[in-house]
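Order of listing sets the numbers, starting from 1, for every ligand and every atom in it. Atoms considered below: every heavy atom in the structure, side chains included; atoms not considered: hydrogens, waters and symmetry mates.
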Amino acid sequence: MTLDALAFGAHADDAELSCGGTLIKLAGMGYKTGVIALTCGEMGTRGSAEIRAREFAQAAEVMGLAVHKMLDIPDGRVEVTWENKLKIISEIRAHKPRIIFAPHWIDRHPDHENASQLVRASVYLAGLKRIETAGDAFRPVRLVFCQGRVEFAPSFVIDITDAQAQKMNAIQAYASQFHRPDRTGSRPESGETLIGRPEFLELIEARDRRYGAQIGAKYGEAFLVREALRVDDPVAFFGPEYLWTIP
Ligand SMILES: [Zn+2]
């Protein structure tokens, strides 16, 4: 299926956390959106691969995705190999997205860093006719990096005010990953994860608030592009309405 925007994550919940509000907003505008996780999340501290697949499907439904898929790259071993690039190239060619979202290239989790490198290379390589996979050569218009644990100065912020509540619903579809008051063993040595802490949802909301404030909106998601953005009419782009929204 042809998509307008496709987000790649190393693990099932990565896209929801980093660009979930934007994907929900785009789906609401009538665009076709998708999420592809490179792994099945079998190394996760909590839950099994089967449970994560079910939660992934539930989150996809909440986000109104047209496509959601898990690839078979081993979790915890997302490596920058030609074989893995071919898998991603095949997906890009199958869905022909205009925009691709990928994790930022600096992250604490090596899977996230390698996923970033793999997707960046594959976006370019997918356009080379001589690389043979199922599907014709196709290169997306723009690769956009999402925010993970490491902050960056954004190239732009997308207003997700109307989508933020739904984003939190999509994240909470990952019930096996979250803190539950009835679950014991929350000390770090017994498998506590960042996402499993009770305050995790507050951290996500606070980050969305922080970036929203930068553009005069209640909630926002921050993005980074490596190539310059073209603006044809700066007077219109930075016009009165734009200025009015800056706090
Ligand atoms: Zn992840």
- In terms of side-chain heavy atoms, does Thr133 have a donor or acceptor partner in Arg93 at a distance below 3.5 Å? yes
- Message: If only side-chain N and O atoms count, and only distance matters, is there a donor-acceptor pair under 3.5 Å linking Ser18 with Gln147?
- Response: no
- Item | Close aromatic pair by centroid cut-off 6.0 Å: His104 and His112 | no
- Message: Between Phe101 and Phe223, is the ring pair (Phe, Tyr, Trp, His ring centres under 6.0 Å) condition met? List the steps.
- Response: CA-CA 9 Å; Phe101 293 102; Phe223 297 97; 5.3 Å; yes
- Item | Centroid separation Tyr174 to Phe56 less than 6.0 Å | no
- Task: Below 2.8 Å of the Zn ion (ligand 1), tally up the protein N/O/S atoms for me.
- Result: 4
- Message: Taking Arg210 first and then Glu151, would you say they form a salt bridge - that is, a charged N and a carboxylate O separated by under 4.0 Å?
- Response: yes
